[in-house]
Amino acid sequence: MEDEKLNMSMRKFLKQVGVTSQQQIEQAIRESGQSGPFRAKMVLTIDGLDLEHIVEGEIAGPDA
């Protein structure tokens, strides 16, 4: 059952990351007035673990 608790905790955290990140990206794009595309980089680190996970990609602008 500990695996289930860990899994649920990670899913809750990742959902929060996804929702809040999307809101911040949308706001920044609106405020910039730029059309994109935009290069994006997300860095995940966890205190107490030797973990640094980097995800890079491209976000299409509103006119793309």
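Since we're looking at a predicted model, the values are computed, not measured.
E26 CD to I59 CD1: the interatomic distance, rounded to the nearest 0.5 Å, is 9.5 Å. Distance CD/Q24 to CD1/I29: 11.5 Å, rounded to 0.5 Å. Rounding to the nearest 0.5 Å gives a distance of 11.0 Å between CE of M8 and CE of M10.
Side chains of T45 and L51 form no contact here, defined as non-hydrogen atoms less than 4.5 Å apart. You'll find the side chain of M42 stays beyond 4.5 Å of the side chain of I54, heavy atoms only. Contact annotation: the side chain of K12 never approaches that of K15 to less than 4.5 Å [non-hydrogen atoms, C-beta and beyond]. Residues F13 and I46 fail the side-chain proximity criterion, which asks for heavy atoms closer than 4.5 Å.
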side-chain contact (heavy atoms from CB on, under 4.5 Å) evaluation trace for Q22 with T20: CA-CA 5 Å; Q22 181 175 350; T20 59; over 6 Å; no
Worked verdict on Q27 versus Q23 for side-chain hydrogen bond (donor to acceptor under 3.5 Å, both in side chains): CA-CA 6 Å; Q27 180 180 347; Q23 291 169 343; over 6 Å; no
Worked check of side-chain contact (heavy atoms from CB on, under 4.5 Å) between E52 and L44: CA-CA 6 Å; E52 180 178 58; L44 170 68; over 6 Å; no
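By the rule that hydrophobic residues join a cluster once side-chain heavy atoms approach within less than 4.5 Å of another member, V17 and L6 end up as members of separate clusters.
Side-chain atoms of S9 do not come within 3.5 Å of backbone N or O of K5 as any donor-acceptor pair.
Sparse packing is recorded around CZ of R11, with 12 or fewer heavy atoms of other residues, nucleotides or ligands lying under 6.0 Å away.
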